[in-house]
There are 2 protein chains.
Amino acid sequence: MSKRTFDYLDIQILNILQENGRISNADIARKVGKAPSAVLERVRKLERKDLIQGYEAIVNHKAMGLALTAFTQVYTDEPAGSFNTGRELAKIPEVLEVHYTAGQAPYLVKVRAEDTEALQKTLAKFGAIASVRDTNTTIVLTTVKETRGFPLQND
Amino acid sequence: MSKRTFDYLDIQILNILQENGRISNADIARKVGKAPSAVLERVRKLERKDLIQGYEAIVNHKAMGLALTAFTQVYTDEPAGSFNTGRELAKIPEVLEVHYTAGQAPYLVKVRAEDTEALQKTLAKFGAIASVRDTNTTIVLTTVKETRGFPLQND
DNA sequence: GATGAAAGCCAGCATGA
DNA sequence: TCATGCTGGCTTTCATC
């Protein structure tokens with residue numbers, strides 16, 4: 001199974017949009033050497049097939065007063081295979097990521113807050129979830145790299 | 001110190017662009033009830049002040065064959081305060097994030113790979129960095145939430 | 001800072017290959 | 001799946017407030 005549903009042109013377009021999500025369709029067309037209408041059709045198809053899940057501005061969180069990043073391991077009383085705790089954690093806006101892992105702690109959570117005081121309040125929200133047994137937080141001192149993108153290749 | 005360099009209108013614009021990075025300037029103007037030219041000036045200024053650091057398409061990495069996410073703790077022989085190891089780690093394309101932390105392991109690294117075999121190759125690259133003493137990897141089974149954005153408020 | 005007018009440019013669609 | 005041509009709407013600049 002699993003026939004490739006995308007070709008080299010798609011990968012080119014994805015890489016361009018991954019680097020600059022606000023580039024005009026006409027500019028993409030110039031870069032890949034195709035007519036704008038053809039490129040637009042590709043982009044729409046990539047969106048429809050959910051290969052492109054959206055576009056977002058990268059906001060400088062430090063400048064916005066969100067200086068603190070932390071990773072919290074969350075231990076639960078939940079039976080394996082249930083993600084209820086994860087869904088509850090995901091509802092908290094300061095929680096950027098929730099991963100269910102194969103490690104010691106079932107959940108690894110990425111949190112962003114104003115300062116340690118705000119972080120404390122967020123961790124209190126974790127504790128308010130009934131199935132949460134314990135948490136273990138690692139504070140980030142410096143972030144060296146933080147991307148979402150990955151230079152895609154044609155295999 | 002620290003006079004606010006942005007107002008409520010800026011926060012509105014940032015939230016809109018954080019949610020939909022490809023919305024047209026005219027649509028932002030309609031949403032905030034201002035003239036397009038005024039909004040464009042704001043956006044340009046936010047970009048110049050580096051409050052907006054860029055725009056990116058959110059690519060479905062699973063559909064692109066990058067099914068595996070992992071978090072690796074990296075132990076080093078490096079003196080505290082030096083980020084050379086972090087910079088080396090950041091150069092590896094499969095490494096999405098590098099955080100220097102206050103935890104037991106100096107670095108926490110987020111990795112994305114095709115499969116366990118590809119992950120192994122990436123971890124081998126970590127080992128090739130002279131100052132890396134040891135690594136400890138946690139495999140992600142399911143990602144419940146993965147955002148970058150944060151609903152900004154007017155304090 | 002914000003506005004409105006004006007020029008050029010782009011998105012989006014229809015059509016044809 | 002791509003290219004061409006078209007139209008309405010958009011982006012962007014600038015004089016003005």
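Residue numbers begin at 1 in each chain, while the letters A, B, ... track the order of the sequences. What you are looking at is a predicted structure, and each value in this text was computed from that prediction instead of being measured.
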Nearest listed nucleotide, side chain of A:Leu40, among D:dT12, C:dA11, C:dA2: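 Looking only at heavy atoms from C-beta outward on A:Leu40, the closest nucleotide is C:dA11.
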Which atom names give the shortest non-hydrogen contact between A:Arg22 and B:Ile23, and what distance separates them?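 For A:Arg22 and B:Ile23, the tightest heavy-atom pair comes out as NH1-O, 2.8 Å.
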Looking at every non-hydrogen atom in both residues, tell me the closest pair between A:Tyr107 and A:Phe83 and how far apart they are.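 That closest heavy-atom pairing would be OH-CA, 3.4 Å.
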Counterpart residues, ring-ring contact (aromatic ring centres under 6.0 Å, His included), relative to B:Phe150 (two or more places apart):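 In terms of ring-ring contact (aromatic ring centres under 6.0 Å, His included), with neighbours along the sequence ignored, B:Phe150 is linked to no residue.
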For the CG atom of A:Asn136 and the CD atom of A:Gln104, what is their distance to the nearest 0.5 Å?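 Spacing of CG (A:Asn136) from CD (A:Gln104) equals 9.5 Å.
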Could you give the distance from CG (B:Leu89) to CD (B:Glu94), rounded to the nearest 0.5 Å?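 Reported to 0.5 Å precision, the distance equals 11.5 Å.
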Within the 4.0 Å heavy-atom criterion, would you say B:Ala35 contacts the bases, only the backbone, or no part of the nucleic acid?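 If one applies the 4.0 Å heavy-atom cut-off, B:Ala35 turns out to touch the sugar-phosphate alone, with no base involved.
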Establish whether the base of D:dT11 is bridged to the side chain of B:Ser37 by a donor-acceptor pair shorter than 3.5 Å.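 By the distance-only test, no, there is no pair.
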Could you tell me whether [X] and [Y] have a side-chain N and a carboxylate O separated by less than 4.0 Å?
X        : Y        : result
B:Arg42  : B:Asp7   : yes
A:Lys91  : A:Glu88  : yes
A:Arg112 : A:Glu146 : yes

Does C:dA11 have OP1 or OP2 under 4.0 Å away from a side-chain N or O of A:Arg44?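 For C:dA11, OP1/OP2 do not have a side-chain N/O of A:Arg44 under 4.0 Å.
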Can you tell me if A:Lys34 touches the phosphate of D:dT1, counting only side-chain N or O atoms and a distance under 4.0 Å to OP1 or OP2?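 Checking D:dT1 against A:Lys34, no side-chain N or O comes under 4.0 Å of OP1 or OP2.
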Please list residues of residues 15-32 of chain B whose heavy atoms come under 4.0 Å from any atom in DNA chain D, ordered by number; otherwise none.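 Here the set is B:Ser24, B:Asn25, B:Ala26, B:Arg30.
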Take atom [atom1] of [X] and atom [atom2] of [N], then tell me their distance rounded to the nearest Å.
X       : N     : atom1 : atom2 : value
B:Lys45 : C:dG1 : NZ    : P     : 5 Å
A:Leu9  : D:dT1 : CG    : C1'   : 10 Å
B:Arg42 : C:dG1 : CZ    : C1'   : 7 Å

Specify the angle, to 10°, made by the local axes at the two ends of the helix from C:dG1-D:dC17 to C:dA17-D:dT1 when five pairs are taken at each end.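 One end's axis against the other's: 30°.
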Do B:Thr85 and B:Ser131 have side-chain atoms, one donor and one acceptor, less than 3.5 Å apart?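 Their side chains do contain a donor-acceptor pair, which is all the 3.5 Å distance test asks for.
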